[in-house]
Each structure stands twice: as C-alpha cells, then as structure tokens.
Amino acid sequence: MTSTTPRPSGGLPVRLLLIVLAATLLDALASLQIARASLGWLPVPASTAAPYVDQLFQLEVGIGAFIFLGCSGFVLWAVLFNRAEKYDESDGLPIEGNTKLEITWTLIPFVIVMVLAYQAIHVSETLSALGPKAKYDLEGGSNPVSVEQLDPIRNYGPIQVISRQWNWEFIYPNGVRSSELHLPIDQRANFQLSSEDVIHGFYVPAFRLKQDIIPGSVISYSITPTREGRYRLRDSQFSGAYFSQNQTDVVVQSQEAFAAWLEQAARNPLVPGLSPATQLYQDRLSKGDKGWATVKPAPPPLVNDPGIPDAPHEA
Amino acid sequence: MTSTNYDPRVLKALHPVPGAPDNWKRFFTFNTDAKVIGIQYIALALFFLLVGGLLAMVMRGELITPPADLVDPTVYNGLYTMHGTVMLFLFLFPILNGFNNLLIPTMIGAPDMAFPKVNAAAFWIVPVFGVVLLASFFVPGGPASAGWWSYPPVSIQNPLGHFINGEFLWILAVALSGVSSIMGAVNFVTTIIRMRAPGMGFFRMPVFVWTAWAAQTLQLIGLPALTGGAIMLLFDLSFGTSFFRPEGGGDPVLYQHFFWFYSHPAVYVMVLPVFGIFSELITVYSRKPLFGYKFVALASFVITFLGLIVWVHHMFYSGTPQWMRNIFIVTTMLIAVPTGVKVFAWLGTLWGGKIRLTTPMLFVLGGLVNFILGGITGIMLGTAPVDIHVGNTYFVVAHFHYVIFNTIGFGIFAGIYHWFPKFTGRMYYEGLGKVHFLLTFIGATLNWLPLHWAGLYGMPRRVASYDPEFAIWNVVASIGAFMVGVAAIPFILNIVSSWARGAKAPPNPWNAIGLEWLLPSPPPAENFEDDVPTVISAPYGYGLGQPLVEDEEYYVRRALEA
C-alpha cells in the first residue's frame with residue numbers, strides 16, 4: 001500500500017470516503033470515551049460552580065480529543081502510507097491548495113470556538129462568584145471592612161478572609177476567628193477577601209473556584225458549597241518563600257453542625273493559629289539561616305479554632 | 001601559523017573564510033557578518049539552554065518527592081525564576097534571532113542585514129545581560145525569586161534591603177534584553193521590507209520570512225510596554241516610588257497589564273518562526289508545495305493582530321470584571337482560527353507526499369503533534385470558567401511546556417539539523433540525530449503529559465513542596481525530565497563532532513527549493529554578492545518543474561564549484 005493517487009479513476013473516492021467515514025466514527029467514539037473519563041480527572045465537585053465548570057471542561061475535552069486524535073491519526077497515516085521508498089527522489093503530488101477546503105477549515109474552527117466562547121461566557125455569568133472590588137487607603141487609616149460591598153443574595157456572611165505571608169485567617173460575622181474555613185452546606189457564603197502583604201490566590205480545587213487577593217483592595221466573592229467534607233484551600237498565586245506551605249482546609253458541614261461549631265468556637269480562648277511557615281522558618285534559623293533571602297513569616301493569627309492540620313482531606 | 005595559501009588580508013577579514021586557519025576566533029569578535037552573528041547567537045543560546053536545563057534538573061530533583069527536602073524553598077524559588085528567565089531571554093529569543101540572522105538574508109538574497117553594526121551590537125548585549133543575570137546568583141540574598149512574571153508586591157519586597165539585589169539585576173537584565181530585541185527587530189523588519197532579491201514580491205517570500213516579519217512586528221509593538229513596566233518596577237524596588245505599591249496608592253494589577261501586554265505576544269514571537277520552520281521543512285521532506293501558501297503566509301499577521309488583544313486571559317482570576325473576561329474569551333478563542341489554518345495546511349501538505357523521516361522531519365512531526373495538544377489545552381485555558389479552576393496550576397505548566405519546549409524547542413532542533421549543512425558546510429550524523437529525537441520525544445512526553453492531571457487535580461504551579469496525592473505524576477515527570485537532560489548528550493556529540501570532522505556538505509543536500517540552497521555551503525560573506533538571482537516563481541515549487549530563479553543552472557553550478 002504505497003501512496004495512491006485518488007483523483008484519476010472514478011472508483012477510488014468511494015473507498016476513500018468510506019475510510020474517512022470509518023476513521024471519523026472511530027475518532028468520535030474514542031473522543032466520547034475520553035470525555036466520559038475526563039470527569040474523573042477532577043477533584044470531587046463540592047460547590048454549585050463545579051457542575052458547570054465540569055460540563056464545560058468535558059465538552060472541551062471531547063472536542064479537543066476529537067481534533068487531536070483526528071489530526072495526529074492523520075499524521076500517523078501519512079507517515080505510514082506516504083513514505084518515500086529508500087532511493088525514491090521523486091516529488092509528491094504538486095497540489096498547491098484548494099480554496100474551498102481552506103475556507104471550510106477556517107469556518108468550521110471558527111464556529112467551534114465561537115460556540116465554546118458562548119458557552120464559556122454563559123457559564124461564567126451563571127457562576128457570578130466574583131463581586132465588586134473596592135480599593136482602600138492602606139496608609140490613611142481606612143480598613144477593609146469600611147469599604148466592603150456585600151453580596152446582596154448571600155445566605156451567610158460576610159466572612160473576612162485575610163491572607164498573609166504565610167497563613168490564612170477567617171473571621172465570621174459573630175467574631176469567631178479560625179485557621180480553617182468552616183462553611184454551612186447549601187448556603188451562598190459571601191467572603192471579603194483581603195491581603196496584608198502581597199498577592200495571594202484563594203483556591204479551593206473542589207469548588208473549582210479561584211480568586212487572586214490584591215493588597216489594597218477588598219474583593220467580594222461568593223461560593224455555595226454543596227457537599228460535606230474536608231477540602232484543601234491553597235494559595236494559588238506565588239507569594240514568596242513559603243508559598244507552597246500556605247494552605248489550609250475548608251470544612252463544609254451540615255447547617256446544624258456548622259451552627260454548633262460556631263457556638264463552640266465562640267467559647268474557645270484565642271490560641272495561635274495554623275502557620276506551618278513559622279515552624280519551617282524557625283528550623284531554618286536554627287540551622288544557621290542558610291538559603292536565599294526571605295521576609296520573615298507573619299506571626300500566626302490568634303484564633304478560636306486552630307483546626308486539625310493533619311486531618312485527611314478529600315481533595 | 002604556517003598557512004601561506006591565504007592572502008593576509010583574507011585572514012584579517014571580519015567574516016569566516018572556508019578553510020582558513022583560526023576561523024573560530026572570528027566568532028569571538030564584533031563581527032558584522034549576519035552568518036557569523038547567527039552562529040554566535042545559536043552557540044550562546046545553546047550554552048544557556050544547558051544552564052536553564054541544569055536548573056530544571058535540580059527543580060525536578062526537588063519535586064520528585066512531596067516535601068521540600070533537596071533545597072531550601074527560597075532556593076527553589078530562585079531556581080524556577082531563573083530557569084524561566086534563562087530559557088526565555090537567553091535561550092529562546094537569542095536562538096530564534098540566530099535563525100533570523102542566518103536565514104533572512106540568505107532566503108531573500110540579501111548580502112547582509114540592513115544595519116550590520118546594529119545587528120552585531122544587538123547580539124553583544126546578550127552575553128552582557130547573560131553575565132548580569134548569572135551574577136545575580138552570587139549577590140547577597142540570591143537571585144530574583146518572584147517568578148519570571150515578577151509580580152509586585154512580592155517581587156519588590158527586598159528582604160535584605162541592599163540596593164544591588166537579585167531582583168535589581170533581574171530587571172536590569174530584562175530591560176537590556178528588551179533593548180537588544182528592539183534593535184534586532186528594527187533590523188529584521190527593515191531587511192525584509194527593503195532588501196529582497198529582484199522578483200521576490202511578498203507572495204514569493206518563504207513562509208519563514210513571513211513569520212519572522214510577523215513576529216518581529218510584535219516585538220516592536222509589544223516590547224515598549226514590558227520595558228516601561230520593568231522600569232516602573234525598578235523605580236518601585238529601588239527608588240521608593242509607588243507605581244504598583246498599594247501602600248502608596250499604586251495598583252499591583254496595573255503591572256500585570258503591562259507585563260502581559262507584551263508577554264503574551266512574546267509566545268507568538270517565539271512560535272511564529274517555528275511555524276515558519278515547520279512550513280519550510282514539511283514541504284522539503286514531503287516533496288510537495290505548501291498547501292495554501294498564501295493563507296499560511298497571511299495567517300501569520302492575523303496571529304500578530306489577535307496576539308495583541310488577548311493578554312487579559314492571563315488575568316481572569318486577578319479580579320477582572322465580567323465584561324472584560326467576556327471580550328478576552330472571544331479574542332482568545334479567535335486566535336485558534338488562523339492557527340488552525342496553518343495546522344491544516346501542514347496536514348494537507350503531508351497528504352500524498354513522499355515523506356522522508358530524516359532527523360529534522362521527525363522533530364517537525366513530533367513538534368506538530370505536540371503543538372496540536374498544546375493548542376487545544378490553550379483553548380481550554382482561554383475559556384474563563386475552566387481557567388479559573390486550572391489557572392496557576394500545573395495544567396498551565398504542562399500546557400506552556402507543550403508549546404514552548406515540545407513545539408518551539410522541537411522546531412528549533414529541527415531547524416538546527418536542517419540548516420546545519422548549509423551554514424557549517426558539514427553533514428550531521430543521522431543516527432545520533434535520531435537517538436536525540438527519540439530520547440527527547442519520550443522524555444518530554446513523560447515529563448509534561450502527566451502534569452496535566454496534577455494540575456486538573458489542583459496542584460498549584462511554583463510550589464517547592466506539595467501534598468502526597470500529587471506524587472505519582474511528579475515522579476513520572478522527573479524521570480521524563482532527566483531523560484530530556486540525557487538527550488543533550490547525543491545532540492552535543494553530534495553537533496561538535498560533525499562540525500569538526502563530518503562529511504563535507506554539498507550546496508543542496510536535501511534537494512530543497514529556496515535561495516539559500518543556491519548558495520555554496522557555507523555561503524560566502526556577502527551571499528550572492530553582486531550576482532543576486534531574479535526570482536520568478538513562488539516558493540516550494542516541488543513537483544511543479546518550474547525553476548525558482550532565472551538562470552537557475554548557472555547558480556547551481558556556481559555553488560558547486562565554489
């Protein structure tokens with residue numbers, strides 16, 4: 001089966017069409033399987049945003065797999081069947097192009113990406129996790145709370161989320177402070193995100209949501225958790241030496257358990273909260289402060305509930 | 001020196017003379033011959049590829065286990081920052097400028113660049129800022145360690161308070177790199193517009209020249225934004241201004257706009273010439289004309305235009321309002337269209353060809369398949385809701401390494417092998433080349449494919465340590481990375497030994513169509529000198545049986561006799 005010239009004889013295009021049809025079908029089936037499997041590549045979905053994001057992701061994986069398999073299958077096919085024999089110095093078919101084909105493969109991708117863009121905008125607007133951002137004057141004595149803009153459709157909050165190099169602090173409306181973020185299930189919780197030093201990223205993979213926290217601004221952000229469990233909250237925007245240690249957990253509880261926790265925590269005395277970087281920095285100092293320069297970690301915040309650092313998380 | 005065969009004036013000439021003794025010394029001088037400068041760029045860039053690669057090896061060593069146990073986290077941060085900076089500013093940009101220097105004049109039949117001295121000066125800035133950047137490893141406090149984005153405020157924290165610090169030297173190096181690139185860009189664009197051979201209209205230019213032109217246009221438009229941003233950052237760091245410092249009323253997000261306005265197009269600056277290399281090589285090794293040449297050529301400038309209006313997709317999670325996200329989702333999606341035109345054109349060119357799987361063709365096909373994957377993940381990242389989940393995770397790291405190494409890197413290797421005989425006058429060893437390809441392809445796939453899943457599962461990028469659930473992907477990735485490192489050995493061996501003692505290369509070893517193949521290997525200093533051929537056909541006329549230039553036999557004979 002060396003390269004055949006499909007044009008001259010009338011019988012060949014039928015066979016070619018059949019091959020193309022069979023290949024397309026095979027490609028479609030394989031892509032469908034890959035798209036089905038793709039939901040398993042993501043952490044457990046635990047917020048109202050997750051199903052939307054996952055569906056869009058799945059759609060993109062499906063289309064992407066179809067294109068990738070189709071194109072690389074074609075390359076493989078060409079390499080297998082259009083190879084020149086060892087001493088064959090001749091040229092291939094001198095086809096210089098085909099305007100109709102060019103227009104087709106400009107229009108089809110255009111339609112595909114516009115459908116994706118429409119879907120993406122639609123999902124993005126449905127999620128509406130991001131509220132307004134308000135700047136405050138760091139030096140002039142104003143503080144994040146003075147400029148905060150609450151989410152009018154929240155069920156719970158606002159929870160002040162304060163990020164630092166390198167720890168997290170959460171302050172609930174009743175004044176309770178914690179190192180782990182506790183949330184009641186199925187309630188749209190509103191956060192007021194602020195940073196005391198550099199940019200941090202508020203990222204809970206199980207929620208599929210991420211928002212950078214900009215020093216000098218307060219960002220109103222809302223999430224509705226839908227699944228009880230313990231999930232990782234990670235700093236996703238590089239924030240200096242102990243960036244990778246700047247993680248904690250989100251604990252999603254039933255509304256009763258959450259209320260009980262809040263009540264219990266209010267009675268707890270304030271203790272230093274979770275701050276793994278503090279310990280690591282102490283270790284470094286005791287070993288002679290080797291390594292390259294870093295700012296000192298901010299002292300651990302005083303909280304009512306320092307959390308359970310070693311508890312297993314689901315995602 | 002015993003050689004008396006050469007006129008002493010020849011030995012003092014600025015350009016290398018084939019066979020003359022001590023030719024190599026010319027590569028260490030302020031030489032104005034574009035071909036010498038091209039090789040200078042490429043050799044220096046390959047040195048920095050080793051430096052950047054070595055940094056990556058240490059990083060992958062650190063990341064093979066979850067805790068930060070091999071190096072201190074501060075050291076890891078410095079390593080990843082320098083890895084990115086070295087690879088972009090000291091490997092990729094310089095090596096592509098090396099290709100521009102070698103290929104633009106020879107492909108368009110110009111004797112040299114429009115501004116040879118500016119050209120040489122642009123090159124010599126590269127080792128200068130290379131030294132500045134490497135020196136930053138040795139200043140108190142270590143090198144810059146805020147990533148190659150260098151986002152404030154973390155980049156301007158300056159813990160030790162010294163005036164000369166790693167970040168200071170980093171900004172200086174990046175600004176110098178910008179100056180060098182702008183000088184290069186002015187030169188390349190002028191040369192392409194003004195110095196083409198008679199008869200070479202725009203639609204008779206090889207696609208590499210089109211893509212270089214489109215890419216260098218982006219440099220001219222985009223670089224001033226980055227350089228401006230870098231200078232403001234330097235002032236914030238060293239002179240107490242508050243362009244980006246929130247304490248003084250500055251806005252850190254403003255920097256991100258300056259940065260990405262250039263640094264997103266920068267990817268196109270790098271990938272466009274590689275699209276050019278793909279177009280040149282796929283035609284030669286399939287023995288077919290480029291499918292839809294005009295579409296492919298014009299698509300380069302469509303990419304240039306769209307490339308300038310997509311930068312906010314790097315900032316979907318920075319607090320950008322919904323309307324802004326929507327606009328940049330659409331523009332980002334659109335860029336898939338001209339890119340798709342190119343990919344389909346290459347596939348159309350392969351169709352019914354007489355494919356020869358030489359080392360350069362293997363790198364092209366490997367790079368093409370990798371690019372399709374990297375392009376698809378790029379589209380996924382352009383849709384804001386998915387980006388908000390996977391942005392700043394290893395999914396992005398996997399995506400851009402698929403583009404930057406597995407596509408651009410592969411294209412560069414392909415180009416080096418393909419034009420090696422032309423500019424050194426020696427043939428490379430095919431066997432070693434294939435070993436290099438296999439190790440690189442398998443290593444790169446093991447390295448970056450699994451990291452997509454780490455990212456989807458929520459592993460942030462830039463971490464020195466990570467949760468144990470990500471370990472499996474990282475172990476495979478590290479093994480792959482070490483393989484890519486090992487692949488450097490057959491490559492270096494091949495280049496060094498074939499340059500020293502490889503078989504002499506004929507003028508046109510690949511039976512390729514193009515002005516550069518009508519020149520002797522290596523071409524003389526002034527290329528065609530006073531005898532520039534008149535171009536009478538479009539490029540890539542494989543199988544069409546038309547000569548490319550008037551009196552083609554004369555030029556072929558002349559090259560053989562030289």
Side-chain angles (χ1 to χ4, degrees), chain A residues 3 41-43 53 56-57 60 64 67-68 71-72 74-75 78-79 82-84 88 90-94 96-97 102 105-106 109-110 113 116-117 120-121 123-124 133 138-139 198-199 201 205 208-212 214-216 219 234 236-242 244 291-295, chain B residues 72-75 78 141-142 147 151 153-154 157 159-160 246-247 252-253 286-289 291-292 295 317-319 325-326 329-330 333 336-337 340-341 344 347 350 352-356 365 369 372-373 376 380 383-386 388-389 392 453 456-458 460 462-465 542-544:
Chain A
S3 62
W41 306 340
L42 299 163
V53 175
L56 181 63
F57 173 73
E60 291 174 357
I67 295 171
F68 177 76
C71 292
S72 22
F74 181 87
V75 171
V79 165
N82 286 338
R83 284 276 287 285
D88 182 0
S90 65
D91 292 326
L93 293 172
E96 288 184 271
E102 293 282 348
W105 69 42
T106 309
F110 177 79
V113 295
L116 284 180
I121 291 170
V123 170
S124 189
K133 173 173 130 181
L138 278 173
E139 310 242 285
V198 300
I199 302 176
R208 310 287 187 274
L209 290 173
K210 170 186 289 121
Q211 176 57 46
D212 278 7
I214 313 293
I219 293 170
R234 297 194 172 94
S236 59
Q237 186 61 278
F238 181 71
S239 59
Y242 296 101
S244 62
W292 288 329
T294 169
V295 293
Chain B
D72 190 75
T74 52
V75 174
Y151 275 9
V154 74
Q157 281 192 314
L160 296 185
E247 295 87 350
V253 177
S286 306
R287 315 295 318 160
K288 275 188 63 192
F291 197 99
F295 285 88
Y317 42 75
S318 298
R325 285 181 184 173
N326 295 351
I329 288 173
V330 173
M333 293 291 110
V337 176
V341 165
F344 294 131
L347 297 182
L350 288 173
K354 297 270 176 136
I355 296 171
R356 280 187 280 172
L365 293 178
V369 169
I372 296 168
L373 183 57
I376 288 166
M380 296 168 80
T383 53
V386 171
I388 282 174
H389 174 52
N392 262 341
W453 283 280
L456 288 171
Y457 214 67
R462 302 185 159 157
V463 288
S465 61
Y542 297 100
L544 292 172

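- Only the side chain of B:Arg325 comes within contact range of chain A, with heavy atoms under 4.5 Å apart.
- A distance of 7.0 Å separates CD1 in B:Ile372 from CZ in A:Phe68, rounded to the nearest 0.5 Å.
- Between A:Val53 and B:Pro385, the closest heavy-atom pair is CG1-O, 3.7 Å.
- Chosen from B:Gly142, B:Pro159, B:Ala464, B:Gly147, the residue pairing most often with chain A at heavy-atom distances under 4.5 Å is B:Pro159.
- Only the side chain of B:Phe295 has a heavy atom closer than 4.5 Å to any heavy atom of chain A.
- Counting heavy-atom pairs closer than 4.5 Å to chain B, the top residue among A:Val75, A:Val113, A:Asp91 is A:Asp91.
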- After noting the C-alpha distance and the side-chain angles of B:Val330 and A:Ile121, does the key distance pass the side chain to side chain contact (heavy atoms under 4.5 Å, CB included) rule? CA-CA 9 Å; B:Val330 173; A:Ile121 291 170; 4.0 Å; yes
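- With a threshold of 4.5 angstrom between heavy atoms, A:Ser239 approaches chain B through N, CA, C or O but not through any side-chain atom.
- Side-chain atoms of A:Asp212 never come within 3.5 Å of backbone atoms of B:Ser318 as a donor-acceptor pair (strictly under, hydrogens ignored).
- Separating the CG atom in B:Leu373 from the OG atom in A:Ser72 is a distance of 8.5 Å, to the nearest 0.5 Å.
- Of all heavy-atom pairs between A:Gln211 and B:Gly319, the closest is NE2-N, 3.2 Å.
- Between B:Ser465 and A:Ser244, the shortest heavy-atom distance links the atoms OG-OG, 2.9 Å.
- In the model, A:Thr294 has no side-chain atom that pairs as donor or acceptor with a side-chain atom of B:Thr74 under 3.5 Å.
- Scanning both residues, A:Ala117 and B:Met333, for their nearest heavy atoms gives CB-CG, 3.6 Å.
- Counting heavy-atom pairs closer than 4.5 Å to chain A, the top residue among B:Leu456, B:Ile376, B:Thr383 is B:Leu456.
- With salt bridges taken as basic N to acidic carboxylate O contacts below 4.0 Å, one links A:Asp88 and B:Lys354.
- Considering only heavy-atom pairs separated by less than 4.5 Å from chain B, the leading option among A:Thr106, A:Leu116, A:Ile67 is A:Thr106.
- Proximity to chain A (any heavy atom under 4.5 Å) is restricted, for B:Asp72, to the side chain, taken from C-beta onward.
- Here the shortest heavy-atom pairing between A:Gln237 and B:Tyr151 reads NE2-CE2, 3.5 Å.
- Heavy atoms of B:Ile355 lying under 4.5 Å from chain A belong to its backbone as well as its side chain.
- In terms of heavy-atom pairs under 4.5 Å with chain A, the best-connected choice from B:Gly78, B:Pro460, B:Pro153 is B:Pro153.
- The minimum heavy-atom distance linking A:Gly240 with B:Val154 is given by the pair N-CG2, 3.6 Å.
- Rounding to the nearest 0.5 Å places CG of B:Leu350 at 11.0 Å from SG of A:Cys71.
- B:Phe344 touches chain A through backbone and side chain together, each having a heavy atom under 4.5 Å away.
- Contacts between A:Leu42 and chain B at a heavy-atom distance below 4.5 Å involve backbone atoms as well as side-chain atoms.
- In this structure, B:Trp453 and A:Trp41 have perpendicular ring planes: the angle between them is above 60°, well past the 30° mark.
- Looking at A:Phe74, only its side chain comes within 4.5 Å of chain B, counting heavy atoms on both sides.
- Comparing B:Val337, B:Ile388, B:Ile329, B:Leu160 by heavy-atom pairs within less than 4.5 Å of chain A, the highest count is held by B:Ile388.
- Counting heavy atoms from C-beta outward, B:Phe291 and A:Glu96 have side chains that stay 4.5 Å or more apart.
- Interatomic distance, B:His389 NE2 to A:Leu56 CG, rounded to the nearest 0.5 Å: 12.0 Å.
- A search for salt bridge (charged side-chain N to carboxylate O under 4.0 Å, His left out) contacts involving A:Arg234 returns B:Asp467, B:Glu469, not counting sequence neighbours.
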